[in-house]
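Working notes, beginning with the structure itself.
Here is the naming used below: chain letters follow the sequence lines, and residue numbers restart at 1 for every chain.
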Amino acid sequence: MTMETNREAEVRGFHEAKWDEPIIFELSRKGERGISIPEVEKEIEEYVGDGVSVLPENMIRKKPPALPEIAQPRVVRHYLRLSQETLGADINVDIGQGTCTMKYNPKINDVLACSPKVTELHPLQNESTVQGALEIMYKLDLFLREISGFSRFTFQPGGGSHAIFTVASIIRAHHELNGEGDKRDEIITTLLSHPSNAAAPAVKGYKMITIYPNEDGLPDIEALKTAVSERTAGLIVTNPEDTAIFNPRIAEFTKIVHEVGGLCAYDQANANGIIGIVRAVDCGFDLGFFNLHKTFSSPHGCGGPAVGAVGVTEKLVDFLPVPIVDFNGEKYYLNYNVPHTIGKVREFYGVFPVALRAYAWIRSLGAEGIKEVARVAVLNNNYVMKKILKEVKGASVSFPKTKHRIEQVRYSWEQLMKDTGVTTEDVIRRMADFGFHLWTSHHPWIVPQPFTIEPTESYSKDELDEYIAALKKVTEEAYKNPKKVKNAPYRSAIHKIDPSPLNDPEKWAITWRAYLKKRKNWDE
Amino acid sequence: MRKKKVGLIVNPIAGMGGRVGLKGTDGLETLKKAIELGAKPWAEDRAKEALKQLVHLKNKIELITYPKQMGEYTAISCCFSPKVIGTLSGSMTAAEDTKRAAREMRDLGVDLPLFVGGDGTARDIYDAIDEDLVVLGIPAGVKIYSAVYAATPTRAGELAALYLEGKIREVIEAEVMDIDEEKFREGKLSGGLYGYLRIPFQRGYLPGAKSPTSVSERYNQEEIAAEVIENMSDEYYYIIGPGTTTKAIMKRLNLDYCLLGVDLVYKKKLVGKDLNEATLLEKIRKKAKIIVTSIGGQGYIFGRGNQQISPRVIKEVGKDNINIVATKRKIEALHGRPLLVDTGDEELDKQLSGYYRVTVGYGEEIIYKVIYP
Ligand SMILES: Cc1ncc(COP(=O)(O)O)c(C=O)c1O
């Protein structure tokens, strides 16, 4: 297929690269090397030893690890090819991945983070040599306290879900200190909170109790009253939820949980629509977290490197993981003296480049600028919502009785599917033909045929219009010729994948080793 | 590759009653009435909609069907050259024809019989071949309670195609329901769980179940069973209601059980199998708990398919000792609608309404509302 550049078209043409590119393990050639390291010189060996025999016997591998053996240029080509087969945040108007805040992160902050002053730091360096870095983290903590109302932050957790795990650990430690650790074994969340709010405490061994929304899409307060008991350890919720519906009775929720002795934690991973506007402590929360790799200028991708910054009120400061970055009036230092610390959830004090970007971002905006971020994110969202509902046939908003949305909207293609048979997954694949990424939304799909759009503050009206024009084009096609949409994509690297193996643990292979092992049992 | 064999069984009179305001076409009387009221067969149209989705596989499959309006007409109008087997017993096809067709298809090694009809047709298929084959229903009934039908005829065709092409492999056990249509016409609903048929499963194709479940139905049932067993106490008798979800508990305990009946367990041993109200009341000597799951697509936890757990039994046990279990797929299929009770005792139904903790996984509960209709 040839494609000519058409600068007048409302919707952009796009064709993804396609490479028959094997998995890196399949590229391995015995003996091939990326870098040949010179033999150790005799004098050096005499001085430092062979480098291996200092290790305890049981830690020395008998066999070398089964890593792929590939020359450097082939590695470079491999990953560049793969990168051409993606639709990343910097290549498309990435508002179709609602709940993930795929906004533009100023490149200047990357320049700072990539400076050798940052990249050459070592976490084991003496404190006296990293005063600047510690100062930045200390001050970032102060800024986040101002934004949330909490008393102290840790940057140790390496992501949002990890922050939730940390929150669950602090909740457990708090109850254990009161002698109630075993008794309080339940954590309550809501169905439309981010799924990690339920998943991460479960890893910690908590039993999860989930509240369903009422017909307005709001968590059912009567259900909460049934859920709480002397077994309640805490509440962990997102607000606004993944639908961007803000629970206006949140202070009542936290009160109900406090009354039975539970703690309340606020998932503000995605604070883009409320940053500078809603303070966690004012809603009655005892602890909570921000994803610095979302709202605060680090790209969100692939689970890291990231920071889920956990903040707590005064009464929980003594449980924070160590070390926390502190200041004694003269110098910055790593404080390990935290009486009831939960220990460590990760090594060192957090991913410094991410903290640095957040610091720079906050400094560049100032207090007013931060509120402006939230206002523009909400404005953009309302603009897109009005326009989609007016112009895109077959789309509707979930829980229509509730009027207001904060920073995103969970829409539904239910009508489109009824009229044409075209599903949300079909639309997603067709959008890729126009160079746009769209996704279905988190599990569970209680909204039929869902999709979530989060415009953020960083796209212009023209860009938002272009995205909506593409949605419009796809739905027009669906009404005219549903097969056209159902058979999409036509211009992407991968056409259709069969999701059914995801339901079958025998078919999952998260590592190459697991693949080799499980493959033996597959019939074809 | 061997050509896949697809069966087509159309119950030509399915759905006729509904169009003229009757509630089903079981029984000759109703049928006559329906025809008098001007009902026209529409099952064939529904069958066509489904079959159209298989046309692209025409050269890769062999279509096997019964004569005339039981499938032959539909197949030919969709440009298939079907292999027609069997004979009809009369001009008005009867349940016997459906059953015979299903059995003959099994004997011919058909990979996927498709049947068009409603609850009655599903029961006929179940009577004939039980769980021997993977089958799939194309809905043409009035009000369908059984969970063996795809959401629409088009979805049925698409799902069948995916299964035949080997693109999906998961198969689930889905409920066949028995609703007494006489009582229904009197405005009274009395239904039972009749059995299970095996159908292909893929998100988006079955009614309500439009969501991607992260675990398969079977694994979800296993983890629910593990959770329930972990919390079992020797202080209580456990009344285990019908259904694949509850019986996963019996399987995990290595106990004999009756899929469609009510079993009683004490100290993890079987006290009685397939008990009725009287034997239940007689055998329970201590405090008891009831473990039930919602049955059929409507979300009933009492009053459909488990009437043995009668108002007397429920009162004896007490509301606080009811433990509802349900797979996530079942809950999501309700799309936010509450669970239902209809025990026949209105006072009790009123008492039973309210919020419950429902076990939906290992260490996972939801708070869900129960109402009475
Ligand atoms: C509200 C909310 N909570 C938690 C998370 C989890 O964060 P992470 O992906 O860093 O684990 C996300 C991320 O998408 C989120 O949107």
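- Neither the backbone nor the side chain of A:Lys418 comes within contact range of chain B; no heavy atom of the residue lies under 4.5 Å from a heavy atom of that chain.
- Rounding to the nearest 0.5 Å gives a distance of 11.0 Å between CE of A:Met208 and CD of B:Glu365.
- Distance check, rounded to the nearest 0.5 Å: CD1 of B:Ile367 to NZ of A:Lys225 gives 13.5 Å.
- Taking 4.5 Å as the heavy-atom cut-off, none of the residues of residues 317-326 of chain B approach chain A.
- Heavy atoms closer than 4.5 Å to chain B are found in both the backbone and the side chain of A:Ala223.
- Nearest heavy-atom pair across A:Ile209 and B:Arg357 is CD1-NH1, 3.4 Å.
- Residues from residues 211-222 of chain A that place a non-hydrogen atom less than 4.5 Å from a non-hydrogen atom of chain B comprise A:Ile211, A:Tyr212, A:Asp220, A:Glu222, given in numerical order.
- A:Phe246 CZ: more than 12 foreign heavy atoms inside a 6.0 Å radius.
- Remark: A:Ser169 pairs with A:Phe165, A:Lys204, A:Ile342 by the side-chain contact (heavy atoms from CB on, under 4.5 Å) rule, at least two apart or across chains.
- At a 4.5 Å heavy-atom cutoff, B:Leu162 makes no contact with chain A through either its backbone or its side chain.
- Atom OG1 of A:Thr226 sits about 10.5 Å away from atom NZ of B:Lys369, to the nearest 0.5 Å.
- Taken to the nearest 0.5 Å, the OG1 atom of A:Thr210 stands 11.5 Å off from the CD1 atom of B:Ile331.
- Heavy atoms of other residues, nucleotides or ligands lying less than 6.0 angstrom from NZ of A:Lys518 number more than 12.
- For residues 230-238 of chain A, a heavy-atom distance under 4.5 Å to chain B picks out no residue at all.
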